[in-house]
Undergrad: 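Here it is: the structure, laid out below.
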Amino acid sequence: PAQRAPSQRLATRRRTRAARSSEHSMFCFCCDDGAEKNSEVIGETTAPARAVVSSVAASAAATTKEEPAAEPAPAEKPVEPTPAGFCIVFKQGAEEKPCYFQRKPLGFKFLQKTPLLVTTVNAGSHAEELGVVVGMEIVAIGGERAGAKSYEELWGEIRTGAGALS
């Protein structure tokens with residue numbers, strides 16, 4: 001048989017897709033030239049699918065072979081919203097705890113040397129509400145790691161971040 005022009009093949013594909021999508025617009029169908037092993041993917045489960053074949057699709061399958069459908073992208077883990085406020089990350093043991101301060105006074109004191117270790121948490125303070133305890137180390141301020149920064153640099157970052165709070 002004579003081959004169809006590219007524009008005819010494209011029109012046939014569009015009609016085939018339209019026929020499939022008019023009845024099953026929410027599902028993805030895969031087929032291997034009309035075999036009975038069609039499947040319909042719904043979330044993470046697989047259920048038998050109904051074959052939807054029009055006369056146009058049958059004639060297109062006989063003369064042309066469609067390109068395989070691209071695999072769907074893996075589901076991404078939903079991004080959790082970042083709480084509002086000034087973030088200071090504290091470390092106790094191996095666990096890091098981000099605390100988002102939303103008002104001042106912050107309510108804790110720390111050593112005036114690096115590493116910055118919490119020495120006092122005021123009773124009933126915002127820091128106590130957020131779970132800050134004596135002995136925690138400040139490892140990040142405002143999204144930046146403390147690393148090898150000097151006490152003066154870190155204190156400046158805390159003053160700047162806390163200054164923006166009401």
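Just so it is clear, the model here is predicted, and its values are computed rather than measured. As a basis for the values below, the full set of heavy atoms in this structure was taken, side chains included, without hydrogen atoms, waters or symmetry mates.
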Undergrad: State yes or no: do Phe101 and Val89 share one hydrophobic cluster built from I, L, V, M, F, W and Y residues joined by side-chain heavy-atom distances below 4.5 Å, directly or via other members?
TA: no

Undergrad: How long is the straight-line distance from OG1 of Thr114 back to CD of Glu137, given to the nearest 0.5 Å?
TA: 9.5 Å

Undergrad: Taking atom NZ of Lys109 and atom OG of Ser125, what is their separation to the nearest 0.5 Å?
TA: 11.0 Å

Undergrad: For atom NZ of Lys104, is the number of surrounding heavy atoms from other residues, nucleotides or ligands below 6.0 Å larger than 12?
TA: yes

Undergrad: Got Lys91 and Val139 here, is their nearest side-chain heavy-atom distance under 4.5 Å?
TA: yes

Undergrad: Nearest 0.5 Å, what's the CG-NZ distance between Leu116 and Lys113?
TA: 11.0 Å

Undergrad: Hey, does the side chain of Thr160 reach the backbone of Glu157 with a donor-acceptor pair shorter than 3.5 angstrom?
TA: no

Undergrad: Is Val132 close to Cys99 at the side-chain level, that is, under 4.5 Å between some pair of heavy atoms?
TA: yes

Undergrad: Check whether Phe110 and Val133 end up in the same hydrophobic cluster, where Ile, Leu, Val, Met, Phe, Trp and Tyr are linked by side-chain heavy atoms less than 4.5 Å apart.
TA: yes

Undergrad: Do Phe108 and Thr120 touch side chain to side chain, with heavy atoms closer than 4.5 Å?
TA: no

Undergrad: Less than 4.5 Å apart, side chain to side chain, heavy atoms only: is that true for Gln112 and Tyr151?
TA: yes

Undergrad: Has the side chain of His126 got a donor or acceptor atom that lies under 3.5 Å from a matching backbone atom of Gln102?
TA: yes

Undergrad: Please check if Met136 and Val134 belong to a single hydrophobic cluster, counting links between Ile, Leu, Val, Met, Phe, Trp and Tyr side chain heavy atoms closer than 4.5 Å.
TA: yes

Undergrad: So does Ser150 get a backbone contact from the side chain of Glu153, meaning a donor-acceptor N/O pair under 3.5 Å?
TA: yes

Undergrad: Run the numbers on Glu152 and Arg159 for salt bridge (charged side-chain N to carboxylate O under 4.0 Å, His left out), then give the verdict.
TA: CA-CA 10 Å; Glu152 289 77 19; Arg159 272 195 330 244; over 6 Å; no

Undergrad: Less than 4.5 Å apart, side chain to side chain, heavy atoms only: is that true for Ile141 and Phe86?
TA: yes

Undergrad: Applying side chain to side chain contact (heavy atoms under 4.5 Å, CB included) between Ile138 and each of Ile158, Leu117, Leu154, report the one that passes.
TA: Ile158

Undergrad: Quick check: is Leu165 connected to Trp155 through a chain of hydrophobic side chains (ILVMFWY, heavy atoms under 4.5 Å apart)?
TA: yes

